[in-house]
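When a ligand or atom number is given, it counts from 1 through the structure's own listing order.
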Amino acid sequence: MMKPNVNYAALKDSYLFAGIAKKTQAYLEENPGKRLYRMGIGDVSLPLCPAVIDALHKAVDEQAKAETFHGYMPECGAPFLREAIAKHYAERNVRLQPDEVFVSSGASDELGDILDLFDKKNAALVLEPAYPAYVDASVIAGRQIFHLPAGRENGFLPSPENLPAADLIYICSPNSPTGAVYTKAGLQAWVDHANATGAVILFDAAYEAYIEDPALPHSIFELDGAKTCAIEICSLSKTAGFTGTRLGYTVVPQALEREGMSLNAMWVRNRTTKTNGVSYLLQRGGAAVFTPEGQAQVKSQIAVYKRNAKVLTDALDDCGIWYTGGKNAPYIWLNCPNGMGSWEFFDYLLHEIRVVGTPGEGFGKCGEGFFRFSTFASPEDTVEAANRLRKLLK
Ligand code: PLP
């Protein structure tokens with residue numbers, strides 16, 4: 001008889017965002033017609049920028065004619081997009097060959113799929129608070145997981161000290177949920193640690209486009225030695241509003257080898273087996289993000305979310321609430337006031353002022369007592385949420 005993957009039984013009951021959806025749904029059923037101010041899940045509110053829309057339309061027209069029609073795309077990505085992304089890295093002085101860039105359907109898919117490269121016995125280290133998919137994908141794969149908690153004392157940026165022996169290290173910077181960003185020196189310590197121990201870092205750079213401080217690294221490959229110990233997973237979801245359109249990219253350097261095996265060659269083999277490439281239309285839309293016009297347009301969208309961040313952090317300042325993030329990241333991470341627990345604060349905001357955030361506890365035990373606001377809502381909703389927070393908490 002077929003034996004199921006029993007690791008699913010070890011997953012935590014309710015995925016964080018499903019829990020939030022359930023509670024907000026229940027509230028709306030009890031209070032029909034009430035409007036919620038959603039600062040919870042990290043989904044964007046602005047539409048795709050004009051450069052992307054134009055490229056998508058053109059690509060659709062190409063697919064309508066035999067002379068310009070495209071069938072299957074290369075599994076690892078269209079050359080035009082791999083080259084555009086490599087060029088984008090070059091602008092930050094990171095030299096990549098286009099064949100080190102793999103086009104994907106988004107970061108979530110890659111965070112799960114990439115585990116195929118590693119032996120099941122490899123233990124994973126998750127720096128927490130963390131995006132829940134790291135733990136869940138590792139649980140499904142049956143991997144041992146070590147949790148490295150962070151807190152206010154280290155600015156939610158733990159360093160590689162007194163660590164358990166882990167072979168895979170998840171790092172997210174700018175961080176979801178905390179908005180904390182590693183400095184070059186802070187990240188270099190992790191790269192040096194990985195090179196010294198043979199571990200591989202899975203670096204989630206989904207929010208790199210939000211970094212405005214020129215001293216902070218956007219890519220782990222800005223650090224010396226990262227190409228022999230890191231894989232970088234990126235997404236256009238928050239950079240360019242592709243949450244529902246789906247496109248991302250993953251960098252697996254040629255220099256990354258373990259036991260004489262090239263992880264780049266293994267990933268090519270994996271993609272050519274498990275995918276038939278990302279749609280031509282989306283890759284054309286994605287390539288438009290990396291044109292000068294596309295870059296200017298996505299930057300002005302990000303500026304809208306940055307203004308939302310300022311509106312929310314001004315309100316928190318007025319209320320005397322401690323927070324971090326919101327400057328080089330689209331998330332604000334705050335201490336729940338009056339010693340409230342994070343789900344308790346969630347319920348309080350939902351029922352008192354109809355503002356929805358994300359309880360910190362959902363990102364790991366050390367997130368208890370903290371709360372995350374996303375800055376992706378509309379400016380109007382954000383202003384209203386900030387006013388309501390002031391009235392309730394000041
Ligand atoms: N990584 C982090 C840290 C995220 O917060 C998210 C989405 O919220 C993702 C990855 C997923 O991105 P994608 O939409 O590309 O799957």
Side-chain angles (χ1 to χ4, degrees), residues 15-21 38-46 48 52 77 81 85 101-115 124 126-138 150 156-157 168-182 201-211 218-220 230-251 275 278-279 282-283 285-286 289 298 301-302 305 309 325-326 328-333 356-360 362-364 367 372-377:
Y15 180 68
L16 172 63
F17 297 109
I20 294 173
R38 296 179 188 269
M39 312 284 133
I41 192 163
D43 200 355
V44 292
S45 55
L46 292 170
L48 294 172
V52 170
L81 182 53
I85 295 168
V101 178
F102 295 78
V103 176
S104 76
S105 296
S108 290
D109 312 43
E110 297 289 277
L111 285 163
D113 291 354
I114 203 87
L115 296 178
V126 180
L127 280 57
E128 287 183 347
Y131 184 56
Y134 307 154
V135 169
D136 287 353
S138 294
F156 288 95
L157 294 167
L168 290 176
I169 302 172
Y170 285 93
I171 301 180
C172 179
S173 176
N175 187 275
S176 168
T178 67
V181 189
Y182 273 104
I201 295 173
L202 297 177
F203 188 72
D204 185 339
Y207 298 103
E208 61 80 18
Y210 288 78
I211 294 176
H218 288 246
S219 162
I220 196 164
I231 289 174
E232 181 157 292
I233 295 177
C234 298
S235 164
L236 292 187
S237 283
K238 314 301 162 71
T239 301
F242 273 64
T243 51
T245 306
R246 310 304 303 146
L247 201 72
Y249 50 98
T250 297
V251 178
T275 79
V278 175
S279 131
L282 299 186
Q283 296 198 65
V289 172
V298 297
Q301 294 198 329
I302 288 173
Y305 299 134
N328 295 289
Y331 296 118
I332 299 161
W333 180 249
V356 179
T358 308
F363 301 101
R372 187 189 82 172
F373 281 133
S374 131
T375 61
F376 292 122

Q: Answer with side chain, backbone, both or neither: which part of Ala107 has a heavy atom less than 4.0 angstrom from an atom of ligand 1?
A: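 Answer for Ala107: both.
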Between [X] and ligand 1, is there a nitrogen or oxygen pair with a distance under 3.5 Å?
{"X": "Asp204", "result": "yes"}
{"X": "Asp109", "result": "no"}
{"X": "Ser237", "result": "yes"}
{"X": "Arg246", "result": "yes"}

Q) What distance do Tyr305 atom OH and Ser45 atom OG have between them, rounded to the nearest 0.5 Å? A)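 Separation between the atoms: 4.0 Å.
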Q) Hey, what do you get for CD1 (Ile220) to CD1 (Ile171), rounding to the nearest 0.5 Å? A)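 Going from the CD1 atom of Ile220 to the CD1 atom of Ile171 covers 5.5 Å.
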Q. Would a distance-only check, ignoring hydrogens and angles, find a side-chain to backbone donor-acceptor pair under 3.5 Å from Thr239 to Ser235?
A.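 Yes, Thr239 side chain to Ser235 backbone: donor-acceptor pair under 3.5 Å.
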Q) Ignoring hydrogens and geometry, is there a side-chain-to-backbone donor-acceptor pair from Gln283 to Val278 under 3.5 Å? A)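 At least one qualifying donor-acceptor pair exists.
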Taking 4.0 angstrom as the limit and counting only heavy atoms of [X], give me the atoms of ligand 1 inside it, by number and element.
{"X": "Ser176", "value": "3 (C), 5 (O)"}
{"X": "Cys172", "value": "3 (C)"}
{"X": "Tyr207", "value": "2 (C), 3 (C), 4 (C), 5 (O), 6 (C), 7 (C), 8 (O)"}
{"X": "Ser235", "value": "12 (O), 13 (P), 15 (O)"}
{"X": "Ser108", "value": "11 (C), 13 (P), 16 (O)"}

Q: May I ask you to decide whether Arg246 forms a salt bridge with Asp109, counting only side-chain N to carboxylate O separations under 4.0 Å?
A: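 Salt bridge: yes.
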(Q) If the contact criterion is a heavy-atom separation under 4.0 Å, does Phe242 count as touching ligand 1? (A)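 In this structure, Phe242 fails to qualify as a contact of ligand 1 - no heavy atom is under 4.0 Å.
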Between [Y] and [X], is there a side-chain donor-acceptor contact under 3.5 Å, judged purely by atom types and distance?
{"X": "Ser138", "Y": "Tyr170", "value": "yes"}
{"X": "Asn175", "Y": "Tyr131", "value": "no"}
{"X": "Tyr331", "Y": "Tyr210", "value": "no"}

Q.
Counting non-hydrogen protein atoms only, what is the nearest one to atom 8 (O) of ligand 1? Give residue, atom name and distance.
A.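 Nearest neighbour among protein heavy atoms for atom 8 (O) of ligand 1, to 0.1 Å: Lys238 NZ, 2.8 Å.
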